[in-house]
There are 2 protein chains.
Amino acid sequence: MQKNKSEKYLNIFNSAGAVFAKYGFYKATISQIASRAGVADGTLYLYFKNKDDILYQYISYKTSIVFEKMNDAVAAGKTAEEKLRNLIRCHLQEFQSDRHMAVIFQSEVRYLRDIQSQIKDISKMYLDLLSDIIEQGQIEGSIRQDLFVGLVKRFILGAVEGVISTWVSAGSRYDLVAMADPLVDLYLNGVKEG
Amino acid sequence: MQKNKSEKYLNIFNSAGAVFAKYGFYKATISQIASRAGVADGTLYLYFKNKDDILYQYISYKTSIVFEKMNDAVAAGKTAEEKLRNLIRCHLQEFQSDRHMAVIFQSEVRYLRDIQSQIKDISKMYLDLLSDIIEQGQIEGSIRQDLFVGLVKRFILGAVEGVISTWVSAGSRYDLVAMADPLVDLYLNGVKEG
DNA sequence: TTCTAAAATGAATATTAATTCATTATCTAA
DNA sequence: TTAGATAATGAATTAATATTCATTTTAGAA
């Protein structure tokens, strides 16, 4: 099993992403992944320990990249509102530009949560980012003091995931990033008239 | 395969729910379900066509029950706000009182969406309920006119599912129904100060 | 060009678990 | 009480596919 990410490694990696996204982890077969990558079945085992390990590496890697970008996006904002807006936009942007990842995150994360506790859960990190933003907003005075942060952050994450989930189910045809501003407007102002 | 729901059928049905919730559909085995139900492996095939059919019947049945209750809850409200509050409360109540169902809905629905198009998707029905409520609120004047209903309804569903998902991951230890009112307050008023 | 190590192959193997069905047990009605 | 029907059993079968490894191919050094 190689350490550095050779061209062949990436080839298998990406093929696995496509096949997992299309069939789901359990119904995807090693042969399908190998054939899509244009290599023999046995070759996968030179690069990955086993089938689980492919999914594990896939999610680990994608998680680290996305989280890095989210961190940068938040850091680029000054006020809480700017930070929130940047975070949501980045989130939607990343998932829109990598549909396979979006599908896999949506459907296979629970499987990994059960068996691979060493994965840093992207939700956990995301919720921590949100906590910081909400608390900053409360200090700034732009966000209500009477809110239970633990609830608000889940509420926001759930809403974004719901929008992504719908976009995935609908065949990813419309522009996801365009929903960032209306979404943030909803969090901020609510649906009530006046 | 029997038609009427005998005691043994329900026994297998519920055992399957518990085993699917614990291990996930693919890792759950027929032997585990049979053994939990206290019957022989072959007996399952007198009541269900195959393993897929067990999950199919489980989700179909639970969906119909929950949706009926949700409909009643909404019908019991007069204003849009009352209806929304009743719907969210009912949703949280039903999932809280049936944790196996909550787990299965959270993790296995995508699998079914792929293979069993005849299931009426609970999300779809739910979103339609929400559409009606939002439109009623807009007519009443209690909900903003400038909202895109298609976005708002997903936003609300996503937020509720996010809260349930967190509750499931946290081992279902706290009171989920207690979150209904703070959640509705968030949808209505937003997080912004003033 | 030749040699050696690394990489790749894919047929054979091993494993796991869903499903079947010949047999046995249980129930019901005459 | 018993014959026939119905229900249940669980060992044997079947099917699918993840993984291994003896063999072949490739690439780079001498």
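Sequence lines set the chain letters: A, B, ... in the order given, protein chains first and strands last, and positions in each chain run from 1.
- For an aromatic pair to be called close, the ring centres must be under 6.0 Å apart, and B:Y26 with A:F25 fails this.
- In this entry the distance linking OH of A:Y47 with C1' of D:dA18 reads 19 Å, nearest Å.
- Nucleotide D:dA12 holds its P atom 14 Å from the CG atom of B:D41, rounded to whole Å.
- Here C:dA18 is the nucleotide among D:dA18, C:dA18, C:dT9 with the atom lying nearest to any side-chain atom of B:I30.
- Distance, B:Y23 OH to C:dT16 C1': 16 Å, rounded to whole Å.
- Using a 4.0 Å cut-off between charged side-chain N and carboxylate O, B:K83 and B:D132 make no salt bridge.
- Ion pairing of A:D185 with A:R85 is absent here, as no side-chain N (NZ or NE/NH1/NH2) approaches a carboxylate O to less than 4.0 Å.
- For A:K8, a side-chain nitrogen or oxygen approaches OP1 or OP2 of C:dA8 to under 4.0 Å.
- For the pair A:E7 CD and D:dA27 P, the interatomic distance rounds to 12 Å; values are reported in whole Å.
- Residue B:T43 is in base contact, counting any heavy-atom pair closer than 4.0 Å across all strands shown.
- Rounded to an integer number of Å, the gap from NZ of A:K51 to P of D:dT19 is 8 Å.
- Checking C:dT9, D:dG10, D:dA18 against the side-chain heavy atoms of A:Y45 singles out D:dA18 as nearest.
- Per the geometry, CZ belonging to B:F48 stands 18 Å off C1' belonging to C:dT20, to the nearest Å.
- For A:N50, taking side-chain heavy atoms from C-beta onward, the closest of the listed nucleotides D:dT19, C:dT9, C:dA18 is D:dT19.
- Residues B:F95 and B:F105 place their aromatic rings such that the two centres sit under 6.0 Å apart.
- If you take CG of A:L44 and P of D:dT20, they are 12 Å apart, rounded to a whole angstrom.
- The residue A:A34 sits apart from the nucleic acid: no heavy atom pair falls under 4.0 Å.
- Here A:Y126 and A:F67 keep their ring centres 6.0 angstrom or further from each other.
- Atom-to-atom, OH of A:Y26 to C1' of D:dA15 comes out at 19 Å; the value is rounded to the nearest Å.
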